[in-house]
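Take a look at the structure set out below.
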Amino acid sequence: MLKTPYYLIDKSKLLRNLEKIARVRELSGAKSLLALKCFATWSVFDLMSQYMDGSTSSSLYEVKLGKLKFPGETHAYSVAYADDEMAEVLAHSDKIIFNSISQLERFSEASSEHVRGLRVNPQVSSSEFILADPARPFSRLGESDPDKIAQVMDRISGFMFHNNCENANFELFDQMLQHIEARFGHLLHQVKWVSLGGGIHFTGEGYPLERFAARLKQLADTYSVQIYLEPGEAAITQSTSLEVTVLDTLFNGKHLAIVDSSIEAHMLDLLIYRQSAKMTPCEGEHEYMICGKSCLAGDIFGEFKFDQPLQIGDRLSFEDAAGYTMVKKNWFNGVKMPAIAVRQLDGEVELIREFGFDDFVQSLS
Ligand SMILES: *Cc1c(COP(=O)(O)O)cnc(C)c1O
């Protein structure tokens, strides 16, 4: 048995998402690019690239990683590029999407030979969190004035809209697309490709995949464009767990169990969005608050029920630990960073990477 803590990526679970992604392409013609900011564990990119068309990025380092590790197309995007990044970004990408007209103009000459696009902010979104809402007031994410955009159409051949956020509601997706068409339709007729970004939960249980694909195809046909999707979470949802071990148990009015991991260091997104970790549901009579081993008082994974009292040495498994989780792991408190393991399609679990004291030392100087 592998030593905890470790993230366990299960390829057969990953495959369930990937097969749906490939199905959408088959039905609609829409290409899917993995959003590396959500998930960048490149040891499974060989498998993912068999079902997806490439990767998209939010920085120079991500675009280089995508070019290096993810076969297929490589899209470059960043909220803002620095002057000294541009040559390398262009050298490692097939398309570049600028976040603003001023960035497009700044790098107009440098990028004149490149396929270029512009991020458009339709000022509607499905986000429930202001923190993650691209359409929040005073948003810096994309241009929203159709008249201003019309003036740079000679320099771009595509648009990127990213206004969905974990949106599992097809009707809402459709409504927002109608809004985009009403407001930017005349411009859509002038481009060759349109990326609809990420945040569409189309690999989820019960999502109307056929209707979704038909809607994408309708959009592609209406404007004669190649549609791209940029799934992050949807590509890797429910594929990965964080495996931990109970180190201590306490009682202070509630039963507590401390594990060899930390929510702040290893599942940071849950802390940011004030959500509980997930475990396989159990209605047993023994309830515990599962806590991390960092010094942060609120380092709490959540409260869970178990069939048996927890013992030191028991193993626990938190679900859904791929998206925005592995990419955010950090060395807070010097807590041992989880190793990375992969359950191959034949069921064999393979240890891919371990992190040790040297990595901790190397992370600062
Ligand atoms: C974050 C992001 C994505 C991926 O979003 P998910 O919610 O993980 O699918 C795709 N495109 C852009 C531009 C993004 O900012």
Side-chain angles (χ1 to χ4, degrees), residues 14 17-18 20-21 24 30-41 48 51-63 65-66 70 73-81 89 93 95-100 103 116-129 131-136 139-144 158-170 172-173 176 180 193-204 207 212 216 227-240 268-270 272-273 275 320-328:
L14 197 54
N17 301 328
L18 296 173
K20 289 183 186 177
I21 290 173
V24 168
K31 296 182 179 180
S32 278
L33 309 178
L34 177 67
L36 297 180
K37 83 161 193 279
C38 170
F39 181 79
T41 312
M48 299 183 84
Y51 298 82
M52 302 181 73
D53 300 281
S55 62
T56 187
S57 55
S58 42
S59 63
L60 169 62
Y61 288 175
E62 279 188 358
V63 82
L65 182 76
F70 205 112
E73 291 183 51
T74 313
H75 283 199
Y77 164 75
S78 175
V79 170
Y81 289 111
V89 169
S93 63
K95 290 189 178 68
I96 185 164
I97 298 161
F98 290 104
N99 182 64
S100 68
Q103 282 255 306
R116 297 183 291 204
L118 181 67
R119 178 165 184 175
V120 179
N121 187 331
Q123 298 182 307
V124 284
S125 92
S126 70
S127 181
E128 288 174 24
F129 297 94
L131 183 64
D133 186 355
R136 64 189 271 141
S139 175
R140 71 194 183 298
L141 303 173
E143 295 286 348
S144 51
F159 288 132
M160 189 260 278
F161 298 87
H162 171 70
N163 60 310
N164 286 276
C165 184
E166 304 233 356
N167 182 5
N169 180 342
F170 171 73
L172 179 58
F173 166 78
M176 291 195 295
I180 287 173
W193 53 274
V194 173
S195 172
L196 296 177
I200 310 164
H201 212 60
F202 66 95
T203 56
Y207 194 88
F212 176 58
L216 296 178
I227 303 285
Y228 288 91
L229 301 171
E230 302 177 353
E233 187 63 44
I236 47 73
T237 187
Q238 305 290 340
S239 67
T240 299
L268 181 59
D269 230 33
L270 297 178
I272 294 173
Y273 291 98
Q275 290 169 335
D320 223 3
Y324 301 98
T325 304
M326 302 175 82
V327 289
K328 293 191 178 191

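We count residues from 1, following the sequence as given. In what follows, every heavy atom counts, from backbone to side chain, and hydrogens, waters and symmetry copies are set aside. Just so you know, ligand 1 is whichever comes first in the structure, and atom 1 is the first atom listed for that ligand.
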Query raised in the report: Does Lys95 come within less than 4.0 Å of Glu73, counting only side-chain N to carboxylate O?
Result: yes

Ligand-protein N/O pairs under 3.5 Å (ligand 1):
{"residue": "ligand 1", "atom": "5 (O)", "partner": "Tyr324", "partner atom": "OH", "Å": "3.3"}
{"residue": "ligand 1", "atom": "7 (O)", "partner": "Gly199", "partner atom": "N", "Å": "3.2"}
{"residue": "ligand 1", "atom": "8 (O)", "partner": "Glu233", "partner atom": "N", "Å": "2.8"}
{"residue": "ligand 1", "atom": "8 (O)", "partner": "Tyr324", "partner atom": "OH", "Å": "2.6"}
{"residue": "ligand 1", "atom": "9 (O)", "partner": "Gly199", "partner atom": "N", "Å": "2.7"}
{"residue": "ligand 1", "atom": "9 (O)", "partner": "Gly232", "partner atom": "N", "Å": "3.0"}
{"residue": "ligand 1", "atom": "11 (N)", "partner": "Glu230", "partner atom": "OE1", "Å": "2.6"}
{"residue": "ligand 1", "atom": "15 (O)", "partner": "Lys37", "partner atom": "NZ", "Å": "2.7"}

Query - Residues in salt bridge (Lys or Arg N to Asp or Glu O under 4.0 Å) contact with Asp133, at least two apart in sequence or another chain - result: none

Query raised in the report: What about the rings of His162 and Tyr77, do their centers lie closer together than 6.0 Å?
Result: no

Query raised in the report: Is there side-chain contact between Leu33 and Tyr228, with heavy atoms separated by less than 4.5 Å?
Result: yes

Query - Contacts of Lys20 that satisfy salt bridge (Lys or Arg N to Asp or Glu O under 4.0 Å) - sequence neighbours left out - result: none

Query - Within residues 52-61 or reaching into it, pairs that qualify as salt bridge (charged side-chain N to carboxylate O under 4.0 Å, His left out) - sequence neighbours excluded - result: Arg25-Asp53

